[in-house]
Amino acid sequence: MAKSSSSSTAKDAQALIQSLRSAYSATPTNLKIIDLYVMFAIFTGLIQVVYMALVGSFPFNSFLSGVLSCIGTAVLAVCLRIQVNKENKEFKDLPPERAFADFVLCNLVLHLVIMNFLG
């Protein structure tokens with residue numbers, strides 16, 4: 001009985017991964033680029049956390065600034081992705097140029113605050 005449920009679970013997982021892969025292949029290229037940017041920002045934040053865990057957090061403000069910069073940038077990129085997605089009906093009147101300008105301006109404000117936090 002345990003073998004049949006584990007093989008059923010494995011088949012379900014493979015079907016789920018296959019359906020996600022086929023659905024993501026239909027995603028426009030500009031959204032895939034934003035997804036890569038979000039993954040890069042999150043990965044950079046994780047590297048900083050691992051480094052802090054291994055080496056220490058002597059300049060704690062620097063650690064917090066770096067991690068919050070990565071998290072904030074990822075959140076802003078997700079907001080950009082939501083706004084430029086053509087399938088999202090809520091932002092259909094918003095041109096992509098305006099969404100990108102909002103993204104750049106918010107990133108500028110975020111990094112000015114982070115630089116101020118550094119001291």
Side-chain angles (χ1 to χ4, degrees):
M1 178 134 197
K3 274 193 168 189
S4 100
S5 70
S6 66
S7 67
S8 158
T9 305
K11 287 180 183 178
D12 289 343
Q14 287 176 350
L16 177 66
I17 290 171
Q18 188 66 15
S19 68
L20 287 174
R21 184 177 294 153
S22 65
Y24 194 71
S25 67
T27 302
T29 305
N30 61 347
L31 295 181
K32 288 180 182 179
I33 292 171
I34 295 172
D35 291 342
L36 282 173
Y37 182 71
V38 169
M39 286 190 287
F40 172 74
I42 292 171
F43 182 69
T44 305
L46 288 175
I47 288 174
Q48 290 177 12
V49 169
V50 169
Y51 179 82
M52 191 257 338
L54 294 176
V55 176
S57 65
F58 165 61
F60 194 65
N61 283 357
S62 299
F63 164 71
L64 279 181
S65 295
V67 171
L68 292 177
S69 172
C70 292
I71 292 171
T73 301
V75 168
L76 291 174
V78 168
C79 293
L80 175 66
R81 187 189 195 285
I82 290 171
Q83 290 178 357
V84 298
N85 190 358
K86 301 267 190 255
E87 295 177 7
N88 193 349
K89 305 297 182 210
E90 188 172 337
F91 295 104
K92 66 179 178 181
D93 296 334
L94 184 71
E97 294 82 10
R98 164 77 192 274
F100 186 71
D102 289 347
F103 171 73
V104 170
L105 181 66
C106 290
N107 256 316
L108 182 66
V109 170
L110 170 72
H111 286 91
L112 285 174
V113 168
I114 287 174
M115 286 174 54
N116 186 33
F117 184 69
L118 278 172

For Leu16, the rest of its hydrophobic cluster, which grows through side-chain links under 4.5 angstrom:
Leu20
Do the non-hydrogen side-chain atoms of Phe100 and Gln83 ever get within less than 4.5 Å of each other?
no
Following the transitive rule for hydrophobic clusters with a side-chain heavy-atom cut-off under 4.5 Å over Ile, Leu, Val, Met, Phe, Trp and Tyr, establish whether Val50 and Val55 coincide in one cluster.
yes
Between CG on residue Asp35 and CG on residue Asn30, distance to nearest 0.5 Å
9.5 Å
Distance in Å, Leu31 CG paired with Ile82 CD1, rounded so as to fall on 0.5 Å steps:
11.0 Å
Roughly how far, to the nearest 0.5 Å, is CD1 of Ile42 from CD1 of Ile47?
12.5 Å
Please give me the minimum heavy-atom distance between Leu76 and Phe103, naming the atom from each residue.
O-CD1, 3.6 Å
If Ile, Leu, Val, Met, Phe, Trp and Tyr residues are connected whenever their side-chain heavy atoms lie under 4.5 Å apart, and connections chain through other members, are Leu68 and Met115 in the same group?
no
Rounded at 0.5 Å granularity, tell me how far CG in Asn85 sits from CD1 in Ile34.
9.0 Å
Is the centre of the Phe40 ring less than 6.0 Å from the centre of the Phe43 ring?
no
Shared hydrophobic cluster for Val49 and Ile71 (ILVMFWY, side-chain gaps under 4.5 Å):
yes
How far does OH of Tyr37 sit from CZ of Arg81, to the nearest 0.5 angstrom?
15.5 Å
Which atom pair, heavy atoms only, marks the closest approach of Cys70 to Gly45?
SG-N, 3.6 Å
Do Phe60 and Val67 sit in one hydrophobic cluster, given that two such residues count as connected whenever their side-chain heavy atoms are within less than 4.5 Å of each other, even indirectly?
yes
Leu105 with Leu110, same ILVMFWY side-chain cluster at under 4.5 Å:
no
How would you list all residue pairs meeting side-chain hydrogen bond (donor to acceptor under 3.5 Å, both in side chains) that involve residues 63-77, not counting sequence neighbours?
Ser69-His111
Do Pro28 and Lys86 touch side chain to side chain, with heavy atoms closer than 4.5 Å?
no
Ser62 side, atom OG; Met52 side, atom CE - distance, nearest 0.5 Å:
13.0 Å
Side chains of Phe91 and Val84 in contact at under 4.5 Å (non-hydrogen atoms)
no
